[in-house]
Amino acid sequence: QVQLVESGGGLVQAGGSLRLSCAASGRAFSNYNMGWFRQAPGKEREFVAAISWSGGSTYCADSVKGRFTISRDNAKNTVYLQMNSPKPEDTAVYYCAATGGRAGMLRAASYGYWGQGTQVTVSS
């Protein structure tokens, strides 16, 4: 069992920066691959970024590639999403999630543990 709590969301101007954090508690954090997903009003939840248990492999959606960076600190049981140059279309509730498997890290259905989400609003 893993409990996840996101923080760091809020209002940011387009072109600014914001860092989301996700603190994990429970079973060994370093055993899990981690992902960030987002959901905008009226839209389905979509993949943003994922990182392997060691941090050695990362994946980003094409829509955020070059602007967002995922990282983790296993000593702090925390995964981060650095959002640089956000755009209004990045406005959504952002969720972090954990999975014990490596396959399907880009799919929400692969993740068994989810945080409650944090709202990110990007103003133009």
Side-chain angles (χ1 to χ4, degrees):
Q1 193 80 1
V2 177
Q3 292 80 42
L4 304 171
V5 179
E6 302 95 336
S7 61
L11 177 64
V12 61
Q13 283 194 326
S17 64
L18 197 67
R19 189 176 79 160
L20 305 184
S21 299
C22 174
S25 60
R27 297 186 63 180
F29 175 70
S30 60
N31 288 346
Y32 292 89
N33 300 311
M34 301 296 295
W36 284 98
F37 292 78
R38 67 186 182 187
Q39 188 166 18
K43 294 188 176 181
E44 293 187 353
R45 191 167 298 189
E46 65 173 358
F47 169 76
V48 177
I51 188 167
S52 62
W53 64 273
S54 67
S57 297
T58 60
Y59 311 89
C60 278
D62 288 343
S63 59
V64 305
K65 199 166 292 184
R67 299 187 298 119
F68 292 7
T69 303
I70 188 170
S71 63
R72 67 189 294 161
D73 185 339
N74 286 346
K76 296 183 178 180
N77 288 357
T78 302
V79 62
Y80 305 98
L81 184 69
Q82 179 67 43
M83 304 172 62
N84 294 333
S85 300
K87 305 175 182 179
E89 51 264 43
D90 295 320
T91 295
V93 176
Y94 283 72
Y95 299 88
C96 74
T99 178
R102 183 72 177 263
M105 284 176 61
L106 278 60
R107 295 188 300 115
S110 299
Y111 290 78
Y113 303 100
W114 292 84
Q116 83 288 349
T118 186
Q119 175 72 46
V120 172
T121 302
V122 184
S123 64
S124 57

- Item | Derivation of the side-chain contact (heavy atoms from CB on, under 4.5 Å) call for M34 and M105 | CA-CA 8 Å; M34 301 296 295; M105 284 176 61; over 6 Å; no
- Stepwise side-chain contact (heavy atoms from CB on, under 4.5 Å) check, I51 with V79: CA-CA 9 Å; I51 188 167; V79 62; 4.1 Å; yes
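A salt bridge links K65 with D62: the distance from a Lys NZ or Arg NE/NH1/NH2 to an Asp or Glu carboxylate oxygen falls below 4.0 Å.
Side-chain atoms of T99 come within 3.5 Å of backbone N or O of S110 as a donor-acceptor pair. Side chain of E6 to backbone of G117: a donor-acceptor contact under 3.5 angstrom is found. At least one donor-acceptor pair closer than 3.5 Å links the side chain of T78 to the backbone N or O of K76. Using modelled atom types, one side-chain atom of N74 and one backbone atom of W53 make a donor-acceptor pair closer than 3.5 Å. Between the side chain of E44 and the backbone N or O of Q39, no donor-acceptor pair lies under 3.5 Å. At distances below 3.5 Å, not a single donor-acceptor pair connects side-chain atoms of R107 with backbone N or O atoms of A103.
Nearest heavy atoms, V5 versus Q116: CA-OE1, 3.8 Å. Contact between Y113 and L4 at its shortest, heavy atoms only, is O-CD1, 3.6 Å. Minimum heavy-atom separation, Y95 to R45: CZ-NH2, 3.5 Å.
Judged by the 6.0 Å and 45° rule, R72 forms a cation-pi pair with F29.
Every residue meeting the ring pair (Phe, Tyr, Trp, His ring centres under 6.0 Å) condition with F37, not counting sequence neighbours, appears here in chain and number order: F47, Y111, W114. Taking the side-chain contact (heavy atoms from CB on, under 4.5 Å) definition, one finds that S52 meets it with N33, S54, S57, R102, sequence neighbours left out.
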Which pairs of donor and acceptor atoms, one on a side chain in residues 7-19, lie under 3.5 Å apart (sequence neighbours left out)?
none

